[in-house]
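Report on one structure; see the data block that follows.
These values consider heavy atoms only, across backbone and side chains, with no hydrogens, waters or symmetry-generated copies. In what follows, chains carry the letters A, B, and so on, assigned in the order in which the sequence lines appear, proteins first and then strands, with residues in each chain numbered from 1.
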Amino acid sequence: MSTTLKIFLVLAAFALVVPFVPGLIYPVFVMKVMCYGLFACAFNLLLGFTGLVSFSHAAFLGSAGYVTGALMIRFGAHPLGMPAALVLGVAASLLVGLAIGGLAIRRRGIYFAMITLALSQIVYFLAVQFRWTGGEDGLQGIPRGNLFGLDLTSDTTMYYVMLALFSAGFLFVDRIVHSPFGQILQAVRDNEARATSLGYDTDRFKLLAFVLSAGVAGYAGAMKALVFQLVSLNDVSLHTSTEVVLMTLLGGVGTIFGPLVGAALVVGLQNYLATIGDLVTVVIGLIFIVCVSFFRRGFVGEFLHVRRRRAERRARAAPRPEPPPNDAPVAEPA
Amino acid sequence: MLEPPVALQIRGLEAWYGESHVLHGIDLTVREGECVTLLGRNGAGRSTTLKAILGLTDRRAGSVKVRGQEAIRLSTHRIARLGLGYCPEERGIYRTLTTQENLTLLPRLGSEGMSVAEVLAMFPNLAERADSYGGRLSGGEQQMLALGRILTTGARILLLDEITEGLAPVIVEALGRAVSLLKSRGFTIVLVEQNFHFARHLADRHYVIEHGRVAAEIAAGEVERREAEVGRLLGV
Amino acid sequence: MPLPFSSIPAGAAMPDITLQAFMAQLTIGLIGGCFYALLSMGLAIIFGLLNIINFTHGAQFMMAAFLAWIGLTQIGPWLGYPDFQVSFWVALVLAPLCVAVFGMAIERLLLARLYHLDHLYGLLLTFGVALVMEGGFRYAFGVSGQGYEPPEILQGPVDVGFMLLPKYRIFVVVASLLICFGTWFLFERTKLGAYLRAGTENPRLLQAFGINVPVMITLTYGFGVALAGIAGVLAAPIMQVTPLMGGNLLNIVFAVVVIGGLGSILGSMLTGLALGLIEGLTKVVYPEASTVVVFVIMALALLVRPAGLFGRDV
Amino acid sequence: MSDYALVTEGLTKAFGGFTAVRAVDLKVRRHAIHALIGPNGAGKTTFFNLLTKVHRPTSGRIVYEGADITAETSAAIARRGIVRSFQISATFPKMSVRDNVRVALQRRLGTQYSFWRSMRSLAVLDREAMALLADVGLADYAEANAADLSYGRKRTLEIATTLALDPPMLLLDEPTQGMAIDDVDRIKRLIRRIAKGRTILMVEHNMSVVADICDAITVLQRGEILAQGSYAEVSADPAVKAAYLGGGHA
Amino acid sequence: ADKVSDGVVKIGILNDLSGIYSDFTGRGSAVAAQIAIDEMGGKVLGAPVELVAADHQNKPDIAANLAREWFDQGKVDMIADFPTSSTALAVMEIAKQKNRVTMLSAGVAMAAINEKCSPLNAQWMVNTYALAAGTAKALLKTGRKSWYFVTADYTFGHSLEKDASAMVEAEGGKVLGVSRHPFPGGDFSSFMLKAQASGAQVIALANAGSDTVNAVKQAAEYGIGRSDKQVIAPLLTYITDVKSLGLAKAQDMYLTEAFYWDYDDRSRAFAEKYFAKMKRMPSASQAAVYSAALSYLKAIEAAGTDEAGAVMAKLRTMTIDDAVIRNGHLRADGALVHDMLLLQVKKPAESKRDWDFYTVKSVLKGEEVFPKPSDACPLNAKG
Ligand SMILES: Nc1ncnc2c1ncn2[C@@H]1O[C@H](COP(=O)(O)OP(=O)(O)OP(=O)(O)O)[C@@H](O)[C@H]1O
Ligand SMILES: Nc1ncnc2c1ncn2[C@@H]1O[C@H](COP(=O)(O)OP(=O)(O)OP(=O)(O)O)[C@@H](O)[C@H]1O
Ligand SMILES: [Mg+2]
Ligand SMILES: [Mg+2]
């Protein structure tokens, strides 16, 4: 069993008992963390494992949320309503991802980021303009419906359904990273020109990664719409796109669990900051600054780094068979 | 015979890239008007020595004296202003500047710099590509440009890193003549070379670097006699 | 009235636009374009050399406007001399200077640590700084905004034939065009520009040629920020001075810079002016889309010319 | 089928007003090592770039094994089996040496887009990857990061990666540039070994390499073919001497 | 005190503490609620009354999350304020599920009393219809029949525009044109010039906050709306906007508000209390929070329980008449119908002190300005 799976099972076991121990953690909070955690995982799939910076992830989160929400409002009562709405929501985000990715993927680096930013502004504009999205009121009172007859109105039932959905999503992301496809992605990130020369159509890999990431983000958005029973412009706003960057950064770019940790921190922080008022933006801003200046590896990244350093020191203490000559240190990944 | 004054004196120079310790105490002495080479295998630390002289490594220690002035604590641009001209490994051509701009870019460090016209006369290829972006030049053209542009600055101490790399044999010959010419004009030259055949006829002295230390110092006259040792050190 | 998507409001149809009105709208577009040009030039300069998307630009713009306002209305009372005022003209010099100094401090203390990393980090850092600045000003001065009066001699309108144009706006156009031209000349017609581009590509090496690159970077950042500062002071009499005045503008200015070609000074200047005009026209025909049109143009422009309209594609 | 693996007809590339490659008719014999030499700026790299579609030819045709590939994309050309090495080292620095090779082998499995499959499905390639590494003498470094290798070994790894594709045709751009002499020898031997059953077209300034291993040589000058033939023929050509070799070569 | 759930009556204030709506809600709203609690002696039915406040950052999911947690674990019985409609609607939905009360003291969306209406909700200050109707009716009465709208391009703006133009047309007036601007707007000179060129007698601003302020300011720059032939009428203006604009620019504008501190002795008494704590005068929504909290507590006392349904039922039977709300009664759909004020901004010379901004032109009776109960709300069908 891989380490990832072990850690995941521990986390999942912990999550399973949350509703039974009142006062431990508020289950709705955990659900929120799951939604944003998955969202951040999706973002990380792109930034951490493909090396692409996207400012359009809110557009995916939101578009799936809107579609799922709108469908639930109309067909939520149907026993298949919820799964169907979920699937169609994800389909919507895949389409938006394909559109944005297809345009942006042709450019590199900061241009790529700026194009995604611009295109997501257009999505935002559409969300304001379309009538079915409810304008600035958003979609409210989305029914949770039922799953094959299982009533989801109770928070506890919803909690377990969400936990299952989340686990599926998370393991899916982990699988993408550790798949033959993921291997090529890493190669593309490491040296795109070389990957091309080996016969890989790198743009197609990046596009597929982009669309998959969009799909997972959409999946998170659809889950979020069901849990909170609302979708709003905030979900498609640039602000949400930057928030997910913060989550990923705080947890650790390019780590499997980093985004989850980051999401828990940011969501917790939002709740906490809500009551201190006034200075929310200042505090969030300071976190950005501190993170970027002194803490770039993020919590999980930092942890892994310390562990690796310790292992290396131990290895160096022990006699080494044959150190490769000319051994250059790995440049610290940005 | 009066020895010319010391242009560059390096004692116990150590250098690091991040955590990795690359130079472990290099000692070199180069007198005015001399041409010395740094030889060695790949990764021996020859390029790093040049970089460390200019303060381009992440960290360095020891002593670097340029014409008697201690430079170990100076920042890179001040060291350069002591009259050092640097032609880096991999050429360091500014891709977004034209050939012309690359040539006129560098600030004047001394009064005896060549004019752009002189440089272009030396490398006719460049004259043809004067308005081309640096990034579009061929590998060899970039190499010529990298050398040409430091000649415009008037720097009298030249640190040249693998200037023959990727050049056609004719050009290599021409370069050999150019370096001789510079030497005869009194330039001080530190040459990092892979191409021993090129270096051996130009240099007054050779330093062989190994694992970040000077493994041997061989005067031009001794090369024949110590052929075997040189062969072993360089793997020729 | 229900709003189907893309409804063009009846009242906005073209026929009732006279030539005069059209000219008037163009003029207003040009004024908006001046601000875009000033702001985007600063951004382009900063991106050009530091390889950083300066998300703080809007906050710096706002800060200068606030400084001007504080100088005019607050500083006297604070100091205990209620009659003491820092006039608009003094503020026009002083406020950008203060903002530049503040910016240079940020650059030295924070940004300088990030140059060897991916663009993303600089972007995030400046984003954080912008949040802190906006939050700080919000905390100190509230969000409602403060009014700022232009100096006496620039008050009131002038009849320019097709419209009554406020003197102050004429001043804004003239001043910004002068500044834009001066900056363009400085950066593209002197050696400074070549230094900047070389510094962008390989700063360590440039330093090895004897150029004090850190100071050059700091000063350039300061210069870019000062341009934002000038725009801020110029904007104070036009827009309410609020902590958000810059942030709202910034997205559009980003688009301008990208369309013009990241790092291209001439490009961002011309694009800024052009987009001001286009936005102005859109406000006449389809006002709802006047913001989003910029992004649509950006997407299109990038598809046609990847490096931006004036970018150097090497 | 003709004897030639690769044939160009009137291949031309103009950059604006400047013609870097002009009407080049080149024939590369199958299973030969063919050198492309010439003064700096002659258009050698550009010619490679045309073959691999980094640039689009202004005019002319490229025929590979009888098929016109003038209009194909870079990736398509690589899939046809024409693979190039780069003038600067091209490895995947953050991946292990073995994974570097495996990435290339993976193409054969056809699972490169299988994001749902487990990484374990790649284990079948490990034996072959190790065999290739052993072949080029890198077996001891299999678990090291590519970034940690010395320059010469990086180039070796690059060649191993390239060989993993089992390409019928290799394009090598100055494979020994900047290498210490013992590394040069190793690479030289390596190239000779891999040339069995493959066609190799290489750009090289190191005459000792060209003289030792190349079967045919084409000299380019100012974008045009100046001379062709064996090393002996070419090196005796006064025009080539004047333009390229200089007096040092008898 | 087991008539009170959890042994405490807890009022939550959920609004914008840090963003663009913080000046007219924000901290001040909590302060106003505290004044109401203090006036009740800090107790109701023997149970202590507590106050919590939080920043929803104008994000409905944060608002929803906080509200859920407050209801589930924080013992909160009623939440008030909500300067954005999306947060208001989100929390209304949850309150309905959890059987708790919401009072929109800042939320003006029509949806709250139409299709989204809830028996457990009250819209305690005003809605877009009443705002539009107030100003429109008053101006139509002065013979200004031709109108031009500068509208913020989102539901709120559309709603203001729709209600006002319906009113204009009903009174035989004419809408000459509309400019819908993106939000936030930036430079309004373009729109204002178009409006001016239309020759309309009234340029109505169907937007809010900094958009309104910038529009008025830039109009002044071009000399628009400075004559009796053409006036500018912002449909939603808070006293904080006028403060920000300054009287020189804002003078003579007509506007409708639910509350003006300097209206009479009772309002002044409340305002002074508030001023003592905040060093500024209350906005209408801050004042409305006071009234909402006070009425809510009084209703608990009268109902003898804090059970949401009972409290709301009681509230519907009461006549609301306090320092802020006059002649108010709560309708089945949650609309609080009460007197509104038609105000005109003073000229700088007329203003005697800071915050002395308005002349009260008339009192608009609730029935005249509030919309008829809508069929869209199922609660209306029953009654
Ligand atoms: N930027 C760098 N970061 C980390 N290590 C480096 C860096 N540059 C060089 N090294 C390492 O330092 C050592 C010395 O390198 P240097 O470039 O000085 O070698 P060299 O003698 O010039 O050889 P070459 O012929 O390969 O240029 C090598 O082991 C190399 O891997
Ligand atoms: N993209 C381009 N735009 C304009 N000119 C170019 C471009 N690429 C190459 N050139 C020019 O074409 C000529 C041939 O360049 P190329 O790189 O093919 O030379 P080369 O034969 O590989 O030389 P070297 O041995 O120096 O590497 C050069 O003069 C170069 O300046
Ligand atoms: Mg070297
Ligand atoms: Mg070449």
Side-chain angles (χ1 to χ4, degrees), chain A residues 47 51-53 55 99-100 102-104 106-133 135 238-239 242 245-246 248-249 253 277-294 296 331-334, chain C residues 2-7 47 51-53 55 59 106 109-111 113-114 116-139 243 251-252 254-255 257-259 262 288-289 291-303 306-308 311:
Chain A
L47 176 62
L52 295 173
V53 182
F55 280 103
I100 293 184
L103 286 173
R106 307 164 49 160
R107 312 286 169 247
R108 315 234 169 290
I110 207 75
Y111 273 95
F112 177 86
M114 300 306 278
I115 299 175
T116 57
L117 190 144
L119 295 176
S120 65
Q121 295 286 330
I122 297 175
V123 172
Y124 184 88
F125 174 74
L126 294 178
V128 175
Q129 294 287 314
F130 281 138
R131 228 176 338 152
W132 61 272
T133 55
L238 179 60
H239 189 100
T242 53
V245 181
L246 184 60
T248 312
L249 197 65
V253 177
D278 293 27
L279 289 170
V280 183
T281 34
V282 176
V283 175
I284 298 262
L286 284 175
I287 294 175
F288 258 104
I289 295 174
V290 169
C291 240
V292 171
S293 302
F294 309 103
R296 277 187 288 277
E332 193 47 55
Chain C
L3 181 85
F5 170 60
S6 90
S7 70
F47 179 83
N51 255 332
I52 275 182
I53 302 276
F55 257 96
I106 301 264
L109 296 176
L110 298 172
L111 281 176
R113 316 160 61 99
L114 302 176
H116 59 289
L117 302 171
D118 194 280
H119 290 328
L120 172 70
Y121 290 97
L123 185 157
L124 293 178
L125 183 99
T126 52
F127 184 75
V129 173
L131 286 183
V132 172
M133 286 173 71
E134 280 178 9
F137 274 93
R138 203 137 69 179
Y139 186 70
N251 277 343
I252 297 184
F254 276 150
V257 179
V258 173
I259 299 172
L262 281 171
E288 287 91 333
T291 306
V292 83
V293 70
V294 177
F295 295 102
V296 174
I297 291 178
M298 166 171 156
L300 293 178
L302 284 171
L303 288 179

Answer with side chain, backbone, both or neither: which region of A:Phe112 has an atom nearer than 4.5 Å to a non-hydrogen atom of chain C? neither

Heavy atoms only: give me the nearest A:Val292-C:Leu125 pair and the separation to one decimal. CG1-CB, 3.9 Å

Nearest heavy-atom pair of A:Leu119 and C:Ala299: which atoms, and what distance? CD2-CB, 3.7 Å

Can you list the residues that meet the side-chain hydrogen bond (donor to acceptor under 3.5 Å, both in side chains) rule with A:Arg108, with sequence neighbours excluded? A:Glu192

Proximal component of A:Leu246, with respect to chain C [non-hydrogen, under 4.5 Å]: neither

Sub-4.5 Å side-chain heavy-atom contact between C:Met298 and A:Ile122: no

Counting only non-hydrogen atoms closer than 4.5 Å, does A:Ile287 touch chain C with its backbone (N, CA, C, O), its side chain (CB onward), both, or neither? neither

Check the pair A:Ile289 / C:Leu124 against side chain to side chain contact (heavy atoms under 4.5 Å, CB included), numbers first and verdict last. CA-CA 8 Å; A:Ile289 295 174; C:Leu124 293 178; over 6 Å; no

Derivation and outcome, side chain to side chain contact (heavy atoms under 4.5 Å, CB included), residues C:Leu117 and A:Arg296: CA-CA 10 Å; C:Leu117 302 171; A:Arg296 277 187 288 277; 3.1 Å; yes

Heavy-atom side-chain proximity of A:Thr281 to C:Glu134 below 4.5 angstrom: no

Tell me, for C:Val296 versus chain A, whether the close heavy atoms (under 4.5 Å) come from the side chain, the backbone, both or neither. both

Of the non-hydrogen atoms in A:Phe125 and C:Glu288, which two are nearest, and what is the gap between them? CE1-O, 3.4 Å

Which residues satisfy the side-chain hydrogen bond (donor to acceptor under 3.5 Å, both in side chains) test with A:Ser293, sequence neighbours excluded? none

Does the side chain to side chain contact (heavy atoms under 4.5 Å, CB included) test come out yes or no for C:Tyr139 and A:Val282, once each step is laid out? CA-CA 9 Å; C:Tyr139 186 70; A:Val282 176; 5.7 Å; no

Look at the rings of C:Phe55 and A:Phe55 and say which category their plane angle falls in: under 30° parallel, 30 to 60° tilted, over 60° perpendicular. tilted

With only heavy atoms counted, which part of A:Ile115 is less than 4.5 Å from chain C, the side chain, the backbone, both or neither? both

